[in-house]
There are 2 protein chains.
Amino acid sequence: MYICIMYSSELLKGSLKTIVMQQLKEHGKMYGYEITQRVKELSKEKILITEGALYPALHALEAEGYLTTETEFIGKRVRKYYSLTPSGQTKVLEKINEFAEFMSTMKLILQLQPNSN
Amino acid sequence: MYICIMYSSELLKGSLKTIVMQQLKEHGKMYGYEITQRVKELSKEKILITEGALYPALHALEAEGYLTTETEFIGKRVRKYYSLTPSGQTKVLEKINEFAEFMSTMKLILQLQPNSN
DNA sequence: TTATATACATAAGAAAATTATGTATATTTG
DNA sequence: CAAATATACATAATTTTCTTATGTATATAA
């Protein structure tokens, strides 16, 4: 029996695309399931990206021109690899900066001491 | 003509109640408009809480038992002061801790260097 | 062989904002 | 002094972005 404190629900809103794009920036080329697993591992189970959130986000980012896809077959199973387009590479930097600034402002607003992490 | 980079829209989602409760924790007793102005000032115009977001949030927090209200008249104009209930005082600490943890995880995920703010 | 993991996708519903609208008083400015 | 702006509340319609549920299918571990 576990008690799982997952803030993925409320606080994650608005930062999912940033996380996804950062992973692609770091690893060049990834497929959906891989992203969920890596984020799960990196966050020590604290950020669990659901499929219902991930796939629509990936499709939206592709429609916005930030991602391109290549389909690959592993045996009979399909895998859809996503990678950043040039405009996606610009966008991810913007998003990361924006998030860093947001964190900085929130630290001020919430009066968190500089080394509270 | 200005260019206003406001992340209040996307990133703020899920953290509005935390901000509001933190302000009440710090100042004891505040009315809605006062909260918007203080946060605006503190954040250097970066976090602009809209009325359509604030008032429903305050009403919800009151319904959840975290806030109580006192109505005051300034001349003929009404002012509704909110303050934390005992359970609200507990809750705000939880919320701040949760946010700090979230920031810490995001710093890891987004590979932000410790002093990037 | 059965459960679990991998791998995609979409639809219904909920939560929490934005934007728009409404009401009213107080103050500043031209 | 009139008009614009600031103060102060509130709610409704809409949008965004999740969760939860459902669906399909293959691969692997127990």
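Computed from heavy atoms alone, side chains included, the values below leave out hydrogens, waters and symmetry copies. Residue numbers begin at 1 in each chain, while the letters A, B, ... track the order of the sequences.
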- Query: Is there a residue in residues 17-35 of chain A whose heavy atoms reach under 4.0 Å of DNA chain C, and which residues are they?
  - Reply: A/Tyr31, A/Gly32, A/Tyr33
Tell me, do [X] and [Y] make a side-chain contact under 4.5 Å, heavy atoms counted?
X       : Y        : answer
A/Ser43 : B/Ile109 : yes
A/Thr69 : A/Tyr81  : no
A/Ile19 : A/Leu12  : yes

Euclidean distance, atom [atom1] of residue [X] to atom [atom2] of [N] [Å, nearest integer]:
X       : N      : atom1 : atom2 : answer
A/Leu16 : C/dA16 : CG    : P     : 17 Å
B/Glu41 : D/dT7  : CD    : C1'   : 16 Å
A/Leu54 : C/dC8  : CG    : C1'   : 10 Å
B/Glu51 : D/dT7  : CD    : C1'   : 9 Å
B/Leu11 : D/dT16 : CG    : P     : 16 Å
B/Glu72 : C/dA26 : CD    : C1'   : 16 Å
B/Leu48 : C/dT19 : CG    : P     : 11 Å

- Task: Only counting residues at least two apart or in another chain, list the ones meeting salt bridge (charged side-chain N to carboxylate O under 4.0 Å, His left out) with A/Lys91.
- Result: A/Glu94
Side-chain N or O of [X] closer than 4.0 Å to phosphate OP1/OP2 of [N]:
X       : N      : result
A/His59 : C/dC8  : no
B/Lys80 : D/dA10 : yes
A/Tyr55 : C/dA9  : no

Per-pair distances, 0.1 Å, donor-acceptor, side chain in residues 33-41 of chain A, under 3.5 Å, sequence neighbours excluded:
from    : atom 1 : to      : atom 2 : distance (Å)
A/Glu34 : OE1    : A/Tyr31 : N      : 3.2
A/Thr36 : OG1    : A/Tyr33 : O      : 2.6
A/Arg38 : NH1    : A/His27 : NE2    : 3.3

Only pairs under 3.5 Å count here: list side-chain donor-acceptor contacts from residues 51-60 of chain A, not counting sequence neighbours, and write none if there are none.
from    : atom 1 : to      : atom 2 : distance (Å)
A/His59 : ND1    : A/Tyr55 : O      : 3.3

- Task: Could you point out which residue of A/Glu64, A/Glu62, A/Glu98 forms a salt bridge (Lys or Arg N to Asp or Glu O under 4.0 Å) with A/Lys17?
- Result: A/Glu64
Could you tell me which non-hydrogen atom of [X] sits nearest to which non-hydrogen atom of [Y], and how far apart they are?
X        : Y       : value
A/Gly65  : A/Ser87 : O-OG, 3.1 Å
A/Leu24  : A/Tyr82 : CD2-O, 3.3 Å
A/Leu108 : B/Leu42 : CD2-O, 3.1 Å

For nucleotides 24-27 of chain D, list the nitrogen or oxygen atoms of the protein found under 3.5 Å from its nitrogen or oxygen atoms, one pair per line.
from   : atom 1 : to      : atom 2 : distance (Å)
D/dT26 : O2     : A/Arg77 : NH1    : 2.5
D/dA27 : OP1    : A/Lys76 : N      : 3.2
D/dA27 : O4'    : A/Arg77 : NH1    : 3.4

- For the pair B/Ser104 (side chain) and B/Ala100 (backbone), establish whether a donor and an acceptor sit closer than 3.5 Å, ignoring hydrogens and angles. no
- Note on the structure: Listing for DNA chain D: consecutive Watson-Crick or G-U pair runs of at least 3, distance cutoff 3.5 Å, ranges ordered by first number, gives C:1-30 with D:1-30
